[in-house]
Every structure is written in structure tokens, then in C-alpha cells.
**Student:** 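Could you have a look at this structure, given as C-alpha cells, before my questions?
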There are 2 protein chains.
Amino acid sequence: MDSGVKKPGVTSSEVARRAGVSQSAVSRTFTPGASIAPKTRAKVLAAAKELGYRPNAIARSLITNRSRIIAVVMAYLENLFYPDVLEELGRLLAKEDYRLLLFTGFMDRDSDPVFDQLMQYRVDGIVLASTSLSSELSEECAAAGIPVVLFNRTTERDAVSSVTTRNHEGGRRIAEFLVAGGHKRFGYISGLESSSTNRDRFGGYQEALAAAGHTDIIIEVGNYDRAEAETAARKMLSRPDRPDAIFVANDHMAVAVMDIARHELGLSIPEDLSIVGYDDVGPARWTSYGITSMSQPLKRMVEATVAILMDQIASGEIEAEHRILNGELVVRTSAKMPKAGVVELDGRRIYRPGRG
Amino acid sequence: MDSGVKKPGVTSSEVARRAGVSQSAVSRTFTPGASIAPKTRAKVLAAAKELGYRPNAIARSLITNRSRIIAVVMAYLENLFYPDVLEELGRLLAKEDYRLLLFTGFMDRDSDPVFDQLMQYRVDGIVLASTSLSSELSEECAAAGIPVVLFNRTTERDAVSSVTTRNHEGGRRIAEFLVAGGHKRFGYISGLESSSTNRDRFGGYQEALAAAGHTDIIIEVGNYDRAEAETAARKMLSRPDRPDAIFVANDHMAVAVMDIARHELGLSIPEDLSIVGYDDVGPARWTSYGITSMSQPLKRMVEATVAILMDQIASGEIEAEHRILNGELVVRTSAKMPKAGVVELDGRRIYRPGRG
DNA sequence: CAGACTATTGCATACGTATGCATAATTGGA
DNA sequence: TCCAATTATGCATACGTATGCAATAGTCTG
């Protein structure tokens, strides 16, 4: 038996009338730092509570030209790394009194329709996780004064801010670890070939393997997708000259590869095959997998992301900033251990060759 | 060298001037179904493109009293079930031209601060996943004409809409399955004890076990949390009279329980111990786990959720609607198979006792 | 070609809030 | 106690869009 349409909601003018003050006084009551007498403030708050008043953020945004909304674009959530990122982002943004508008389900392609939506809602900032941005669009953002941060991606032109880890170094480290483990034939299951993370990780891997005299790497494409990684693993592991060590470009795929290796092909890990992954995400820590993996310091990455956004929003200066963080190779049971270089740190085993 | 503040953005009046028409004409051009001549429309679109105009959704919301934003509150994303839900929700809402404002990181407690935020942004609807709502708040929503849907939860008073599966029946089915599998001692690792899902699942389990003459169930609390589930498993499985069958209230915990059972306590699954979970979420399907699990038809649940929201937004009638969907017991390798009742369906093995 | 419509258009206003400015109230000091 | 300095307050307006209403242009019928 409702009126059939959304109720208008209590306005500041109604509260003002009730409290016997002006609408301005109500506004100032809810504006931190505004000039308002404690007595009036109390009257207003009382009236507001009686009427169930809440400031209309939409109307406020219209006049302040700030929505206090950050748009987050994530290609997919299947890989637990991203939900983790999302949760942490939500936490930190909430702390800064920002809301999170989520856009998902759009694969790596530059996503124009999504972009239109963002811009229409006049978001105060944009986080692009596992997605890139065409140069026109990023220029448009800059022109509009909207900060953009690429999370776990970079573009060649350094025009847009980014937060990443040392992927190249990570690839190197993994190669050194596997070489030190005595492996002879090396495989790589790649992520999205167009992504900077994939290029860098593979680049470092290849470089360090070459330095150790291994120039032939068996490569299959997994595109950061579980199903494709399974296919890639089947193909790679049924070769007569199958590798005895595989670097899988992220843990999400590494899990799939381990399942195929063990349960479909009957291989023992790490006896027959060593697997190293990337991200150090949840399932990597589950004892069924225990994946040796390059960690990405998720919390610090998110912190950096939010810091960049807040800085640029506050200053209005949109100049690309690049934060590159360090990861560690967390050693577990999915790969043979080298004779030396594995140290204990904060209760984790870390590979730190050549130091102590 | 930027101006130090967010640019105002192109307005409809600017476009109007450029196109030589009134602001109304611009508005009508971007309002589907409005009365506008094709010729003028073309002029406006041309001018809009030249200036890079995008309608300001904030200003539009102010006047239409519709934000086209749906708030989604999720307690935690650690359980992959919820990211999956989120992704599907995002997809369907986008199809209906709605955006998704995400609130996360607030555990099951009725979350008033979050609620304030929602209301301030005048969201057109609210989805509460794995979270409940105090009666005052739900009444406030109803009064404001804002539809609310509880996803995978219900309240005792049926005042607020909900989408669930037959949890009670699911618990029964699991009990029947385990009894048919020849088990003698039964355990239960519970979810959040305050949640309706937990109550219902356990209720059905207990009831059906009692009907089969088993009245003593060993219970530990897992609170839908991985770490707590691990502790619970350790405790339960180190008892001298440890169960030979455990129903774990969801797959997220079941994974942890299996890890503990196998790798910490050296038990073989399902030889020494049968495990059944709930949700049929990603990791349950990974061959390392292969969890026998009651499925929740995620896509249909999300469809129902969006349908309820759209209905109520369109009609303005906020009357509680309850959609209860069916799941299936998907049989994998984590529990002993009964002699009969397991059938093949759509490439999955399903437990359907007493029928064919 | 006139008359009766219908399809377009512009004008003016409203949405709910924030804020510069001028005025009123208060405070503090001597 | 009185004046100056400070703090509170209200008025009026602006933010960018949608929309009822009246006016105009366009179309069709006979």
C-alpha cells in the first residue's frame, strides 16, 4: 500500500524549519569546520534526528564538484588476488571517506562504455586493476583533472600513474632459484601476452636463464585464465622433453597447473616437477598446494594506490607517479629447494641468494 | 602545471550554445523517448562530440530522484563465492543500466555507519550479502521506498526480501547422503551461529540424522572463517572418538578442514574421513579437493535478486518477496559414495536418492 | 488552400545543498 | 560599562539537469 514512488526524503530546509534556523545553519552543522555555534548545532542535530535527516550526497556533489566516489575497474574476480585487493581498497577508501564504485566483467580490452559511465558519475579518481587504458582516454582524464592509477600494470608511455612490483626482478629471482635447484629444462606458462606484468616477468626469467646458459624455454599461453592454463599444462607436460621446472605467471594459474600435473598426469611435485608461481595469493598458502611464489605486497600496493589518489585529488596536480615495490620469493613445497640461500624471515621462508 | 582543481566539465548549456539550440533540446537529446527532431538531435550530438560532453549523472539524479546506483554490502570477499556473486551482480546490473556501489569489510554486525553512507547517496536499491539488517533500518528503507534484498540470508520476521536456497533441505540431503555412505559418527563444523543459513543447514542435518537414529553430533564452530575452521578441525579430529563424516557449513571452510585432516593429521579422504561442504564454489571443483557439496545456483540467485530490485524500483511497491531456489548435492571425491542414488546430470554427478 | 492536428521547441522553474557577503550577536579587554 | 574584534547567522545565488507548459513549426486531411 505504498505511494508507488520513491519518497523524496527529508531536506535540509525541513530540518531548518523544524529547528527554527536557516537552511544555511543546517548545512553548516553537517560541514566539518564550518562556523556554527554549539547551541544551534545541537538544535539542528536534534531536529535532524527527529526527522531522520541525512545530507543528500548527490546534491552536495553537484555543488562541491566532488563526488567522493572512486571508480575501480577490475577485469575479473576469479583470481583471489583481486578480491583481496578490492577488500583492502574498500577499507582504505572508507577511511578517507570515499566510496567505491565497482566495474567488473570487462576483459583486458580498453573499455570505452565503462569509461563513459565513470565520467558521467564525475568520479574523483579511477583505479584500473589488471586493465589498461588507451592514450586518448587517459588524456581525457588528465584534462578533466581526474587522477588515474594503474594497479599491477604499466603502460609504455609513462603518462598515467601506476603501482607495481619489480616484475622483471621477480622473474630473475625465480629463474635463479630454479637454476640453483638443479633444474635442466625450463617451462613458462604465460599470462596475457599484452600485459606489462607478463612481459616483465618473462623478460627477467628469460634473461637470468640465459645468463645461466639455458636459452630454450618451453612456452605455453595461459592468459591468466584457469581453463587456458589447464590446457597449456596438458600440452606442456605431455611433451617427451617436458620441463622439470615451470614458472607459471601467476598463482591462480599455478594452482590449475598443479592439479593437472598431479591428478591427470600422475606427476609428483616437486620430485618430478617444480612449480613456481607469482602473487602469493591465498590458495598458494593452502597446504594442498604450498606454492613457492613471488609475493606481491598487497597492502602496501593498495596503500600506495590510495596515497597517489589522495595526493592528486588534494593538490589537483595530475602528474604521473610510479611506485614500484619489492616482493620476496616465498619458499614452500612446490619446488625443489636450492642448497643455499633460503632464509627465515618473519616466520616465512624467503629466497635471498648470496646474502648470508 | 595544472589549474590545481578539478575542471568543471562541459555542461549541456555549453553544448546548446554551440549547437544553436536551447538547453532543453540538449537534455532531450540524451533522454531516451523524449520529443526531439532527428535534425536537431544530430546537431546536438555533433556539438556534444566536439566539446566532449557527457551528461552529468549527479545533476540528473538530483532532479529525477533516481541515482541508478545499487549498493552492495558484502561482509568479506575471502570466500570465492562472494566475488563470484559480485561479478555476476555487476554484469546483470550493468545490463539494466545500474551501477554498483560496493561496501565491504564489515562483519556480520548490523552496520550502521555503512548504512548512513548508502542513504546519503540515495541509492535505488540495496543488496545485503552475508549480512543482516536491524529491523529499524529495514523499516527506514521501506519508508524511504528503497528496496532491500538479503542475499543468502533471511530474517525471522519476513519484513525484508530475500533470495536463498533450501538450506534446511540441503542439510537433510547431506545427512541422508552420509548415512547412505555407511558412516557412524557425525560431525558438524558450523558457520556463523547467528546466521539463518547456518541454522537451517544444521537444522536439516540434525533432523535427518536423528531420523536415522544418530542423535549425537560432534560440533565445532568455524564462523565461516578459514582460520577458525582450521582450529575447529584440529580439535574435532584429535578426539579419540573423532567422526568419520563431517558436514562443513560451507566450502570455504571445507577446504581448510581437508588441508588439516590430510596434511596435519595424515588422514585419507574419503577412506578415513568423509567431508561434505556447501556452495559448490570454485575450489570445491579443483581436483586437489573435489569436494562433495550442495550447490547454490549462483546465477539464478543473482538473477532473482536483480529481478526483485527492478520490480520494486519500477512499481514502487516495497513488499517483501522471498525467492527460494533449489540446489543439488554434487558428488565428487571428498566423501564415500553410497551404493545407490548417484545419477549423472549435465555432466555432473548428483545425489538423488529414491528416484530412479 | 484552410483548418485541425501533431510534433518540436524554448522558457522558466525545481531538485537539495554549499558558500560569499552583509548583518547581527557575542565575546573580551580595559 | 562600552567599544572593538570576533563569531554566528541568514540571504541570495549557483551547481547542471529534467520537465510542465505555452508557443511555434510542421503535417495531414478534405
Side-chain angles (χ1 to χ4, degrees), chain A residues 5-45 47-48 51-69 119-124 144-145, chain B residues 5-45 47-48 51-69 119-124 144-145:
Chain A
V5 69
K6 203 163 138 195
K7 309 297 180 307
V10 183
T11 74
S12 59
S13 304
E14 289 169 25
V15 175
R17 200 172 317 131
R18 173 86 161 204
V21 298
S22 73
Q23 179 266 329
S24 314
V26 178
S27 170
R28 286 191 250 263
T29 297
F30 291 94
T31 305
S35 171
I36 185 89
K39 214 187 70 179
T40 0
R41 195 184 138 81
K43 274 196 298 185
V44 170
L45 286 177
L51 298 178
Y53 170 74
R54 288 177 218 276
N56 184 330
I58 299 284
R60 172 178 294 173
S61 296
L62 183 57
I63 202 148
T64 57
N65 203 25
R66 297 220 167 290
S67 59
R68 300 202 80 84
I69 291 178
M119 297 302 280
Q120 291 195 10
Y121 277 90
R122 301 299 193 263
V123 297
D124 290 345
Chain B
V5 67
K6 204 164 137 194
K7 310 297 183 308
V10 183
T11 75
S12 59
S13 304
E14 289 169 23
V15 175
R17 199 173 318 129
R18 173 85 160 204
V21 298
S22 73
Q23 181 268 328
S24 315
V26 177
S27 170
R28 286 191 250 264
T29 297
F30 290 95
T31 304
S35 171
I36 185 88
K39 213 187 73 179
T40 356
R41 195 183 140 80
K43 272 196 299 186
V44 170
L45 286 177
L51 299 178
Y53 170 73
R54 288 177 220 275
N56 184 329
I58 299 283
R60 171 178 294 172
S61 297
L62 184 57
I63 202 147
T64 58
N65 202 24
R66 297 218 166 292
S67 59
R68 298 203 80 83
I69 290 179
M119 297 302 280
Q120 291 194 11
Y121 276 91
R122 300 299 195 263
V123 296
D124 291 344

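First the proteins, then the strands, lettered A, B, ... as listed; each starts at 1.
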**Student:** In whole Å, I'd like the distance from the CD1 atom of B:I58 to the P atom of C:dA14.
**Tutor:**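 Rounded to the whole Å, the gap is 23 Å.
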**Student:** Is any side-chain heavy atom of B:Y53 less than 4.5 Å from a side-chain heavy atom of B:L45?
**Tutor:**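 Sidechains of B:L45 and B:Y53: no contact.
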**Student:** Determine, step by step, whether B:N56 and B:T11 satisfy the side chain to side chain contact (heavy atoms under 4.5 Å, CB included) criterion, reporting the C-alpha distance in whole Å, the side-chain angles of both residues, the deciding distance to 0.1 Å, and the verdict.
**Tutor:** CA-CA 8 Å; B:N56 184 329; B:T11 75; over 6 Å; no
**Student:** Without swapping roles, check the side chain of A:S67 against the backbone of A:R122 for a donor-acceptor pair under 3.5 Å.
**Tutor:**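 Between the backbone of A:R122 and the side chain of A:S67 there is a qualifying donor-acceptor contact (under 3.5 Å).
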**Student:** Starting at atom CG of B:N65, determine the distance to atom C1' of D:dG16, rounded to an integer number of angstrom.
**Tutor:**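 In whole Å, D:dG16 C1' lies 16 Å from B:N65 CG.
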**Student:** NA contact type, B:I36, heavy-atom cut-off 4.0 Å: base, sugar-phosphate, or nothing?
**Tutor:**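 Sugar-phosphate: the residue B:I36, judged by heavy atoms under 4.0 Å, touches backbone atoms but no base.
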**Student:** If I take atom NZ in residue A:K39 and atom C1' in nucleotide C:dA25, what distance separates them, rounded to the nearest angstrom?
**Tutor:**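 That distance rounds to 10 Å.
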**Student:** Any base atoms under 4.0 Å from A:T40, or only sugar-phosphate, or nothing? Heavy atoms, all strands.
**Tutor:**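 Sugar-phosphate, backbone atoms only, no base.
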**Student:** Taking the nucleotide of DNA chain C with the nearest heavy atom to each, does B:S22 or B:L62 sit closer to the 5' end?
**Tutor:**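 Final value for this comparison: B:S22.
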**Student:** To the nearest angstrom, how far is A:R17 atom CZ from D:dG10 atom P?
**Tutor:**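 After rounding, the reported distance stands at 14 Å.
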**Student:** Might you point out which heavy atoms bring A:L51 and A:V10 nearest each other, and give the distance in Å?
**Tutor:**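 Smallest heavy-atom distance, with atoms named: O-CG2, 3.2 Å.
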**Student:** Grab the N/O contacts between the protein and nucleotides 17-26 of chain D below 3.5 Å, and write none if there aren't any.
**Tutor:**
from	atom 1	to	atom 2	distance (Å)
D:dT17	OP1	B:Y53	OH	2.9
D:dT17	OP1	B:N56	N	3.1
D:dT17	OP2	B:S12	N	2.4
D:dT17	OP2	B:S12	OG	2.9
D:dA18	OP1	B:R60	NE	2.4
D:dA18	OP1	B:R60	NH2	3.0
D:dA18	OP2	B:S27	OG	2.6
D:dA18	N7	B:Q23	NE2	3.4
D:dA18	N6	B:Q23	OE1	3.1
D:dT19	O4	B:S24	OG	3.2

**Student:** Could you work out, with salt bridge (Lys or Arg N to Asp or Glu O under 4.0 Å) as the rule, every residue matching B:R41, not counting sequence neighbours?
**Tutor:**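 Scan of B:R41 (salt bridge (Lys or Arg N to Asp or Glu O under 4.0 Å), adjacent residues dropped) gives none.
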**Student:** Could you give all pairs that pass the salt bridge (charged side-chain N to carboxylate O under 4.0 Å, His left out) test and reach residues 18-28 of chain B, with sequence neighbours left out?
**Tutor:**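 Those involving residues 18-28 of chain B are B:R18-B:E50.
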